[in-house]
Amino acid sequence: MIDGVPIPPTEEFRSLGVGIRLTEAAGTGPLLSKRIRRAGELLSRAHGVQGGRSRKAEAVATLVLATGLFGSEVADVSAADLRALETKVLNSIWGPCRGGRAKEVVFSVLEKGHRVSPIMKVRYMQIGWLARAARRPGSLQTIIQAVWEASKGRPRPVGPVGRAFRTVTNLGWKATDGWWKWQLPDDPEPLDMVSEPMSRLMHRVREALRGQQLRQLELRRPRQFEGMQGEVLKDVLNKQLSKYPDGVERTLILGAIAGATWTADKAHRRGLRTTAHCPYCECGMDEDEDHLYWKCSAWQVVRDPMVVQLVRYAKEIPWLSENPEEWPPCLRLSCLPPAHAFKGVGDEIVQQFVSAQLTMFCRVLRMRMGRERVKECLFDKLGSGHKSYPFEELYGPKPRAEDQPVFEVELLPPSKWKWEPAFQVALIDWLRELQWMPGKSSVTFIELALDFEAHSGKAMPAAPSAELESIVLSLHERARVLRTALAVLQKNLKSGTLVPGTMTLKARSLVPLGAGPLAGLTSRPYFTRRSDMLQQLRSLAEYSEQRWTSKIRAGVSFNVGTSTQQRPAEGARERRSRLHAADNWNM
Ligand SMILES: [Zn+2]
């Protein structure tokens, strides 16, 4: 590290196509970085692969990850790189318009996670690498043994050996004999890397990785997913799901299982509805998953006959209550049958139970979708009921400026400021001209970025890490650059306050224009170029309205995929700053 900036990891040698670094630097090395970037590019194209979800998943597994992550069982890949790649995989298999889906369900229940999830695949490869070393005497085995002995069984998580052991211990495995015999949680039978048949061994590794994902989800979103205890009957579920061909019903059900159904409650929490009350019945209760699937009187006709069947099957399942209200949330709200609740029950009954529940969810969701198409009541129409955008701040005289922040900062050297110096000068000029309103309020970095661009007459520069400077930045990217630049200035401030308030991820000032809560500040200025801002925000409002109506029309409200032809969110990328034609920062 120099000045808090990591040295680019270049001391890398290539062995059989794998870049192995000699330094202790963590993070993704250059060779693997290149492969991952290539994989990311291929993934954005995989979305166009013809055919259903399973064909896309197969394309991802074979084409992309097999090459993209080749060698990552021994080379280091940063967690951030893997997460970014995982999101790309999710978008290419499931389409980009499905917010709120639990990726753990997608990768541990619906897909073969050890093949398509970059995170699970790397862990799977690491443990496989350890097991193969344990079975084959040779120099690798000696090295691992040496590391194990030198660290008294607790290797530091650096280097291939340490990282593989970290993966194993993160699964909750305890070493019982050297580094090849392990006690697994919830499994009385120890796992022996040397003598167990490889296929069985790797099967147990896959189970353990899936269990880890499901436990993580249960902690993250207990309201919808509590009760899985690390294992759901995924084979039963997938067999029953295979009876739904690709189409609306399948999409509705998969959305429900992954926790991605738009309820009034969720729409309210995302700022798309004034209340969480159920819009389909008159009871005044919030529409969450429990109300939707089990209580709403609007769907009673299709629900009741299925509930009768479910209760009848439940009587034959000793570990499951006859009262659906007592079922764990994962089963009741997300249709994920936890293995422990179905212990000792014949396959026939389990299949019938799961089939009946899927039918019930499907019928309720279908009926609701039909109702929504006619009533259009799930999302508020733009502007109605909401506080509207404070356009009045953009007209007329500003009040007298009082208690404005003062600050002192000097021109930062290139080691601290990675952009052109002119950008810093312009930024400070702009900051000095902003007039902050008294009291608490909020402003998004998007608005600030627009005002800054109008003030300086130049487009926001790209992030210093970006490879191509000429690339057209989306609004969000420009906002992110501003946020980073302000943070750098703040950190190097000599004295005073740069901006009042603090950073927040939930600035709501653009909510009336149809955006969600966004990153911003808990204070609000009068902008410096108010007439430019008025124009910009009006066109932003227009764009949001279009996006909004196309979203609802396309049925995204029910997560019925819009597939590849229509991707309203893409519009944001195409929104060039009208300043892009202007000069750039290096003068
Ligand atoms: Zn209702």
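Each ligand, and each atom within it, is numbered from 1 in the order the structure gives.
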Q: May I ask you to check if any N/O/S atom from C283 comes under 2.8 Å of the Zn ion (ligand 1)?
A: no
Q: Would you give the angle at the Zn ion (ligand 1) between C281 atom SG and H291 atom NE2, to the nearest 10°?
A: 110°
Q) Once rounded to 10°, what is the value of the angle centred on the Zn ion (ligand 1) between C296 SG and C278 SG? A) 110°
Q. Regarding R303 and the six-membered ring of W294, is the cationic atom NZ or CZ under 6.0 Å from the ring centre and inside 45° of its axis?
A. no
Q. Under 6.0 Å between the ring centres of Y526 and W436?
A. no
Q) Are side-chain heavy atoms of Y124 and T167 found at a separation under 4.5 Å? A)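 The answer is no, as the side chains (C-beta and beyond) never meet within the 4.5 Å cut-off.
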Q: Evaluate the salt bridge (charged side-chain N to carboxylate O under 4.0 Å, His left out) criterion for residues E207 and R210: first the C-alpha distance (whole Å), next the side-chain angles of each, then the deciding distance (0.1 Å), finally the verdict.
A: CA-CA 5 Å; E207 299 261 283; R210 284 197 287 265; 3.0 Å; yes
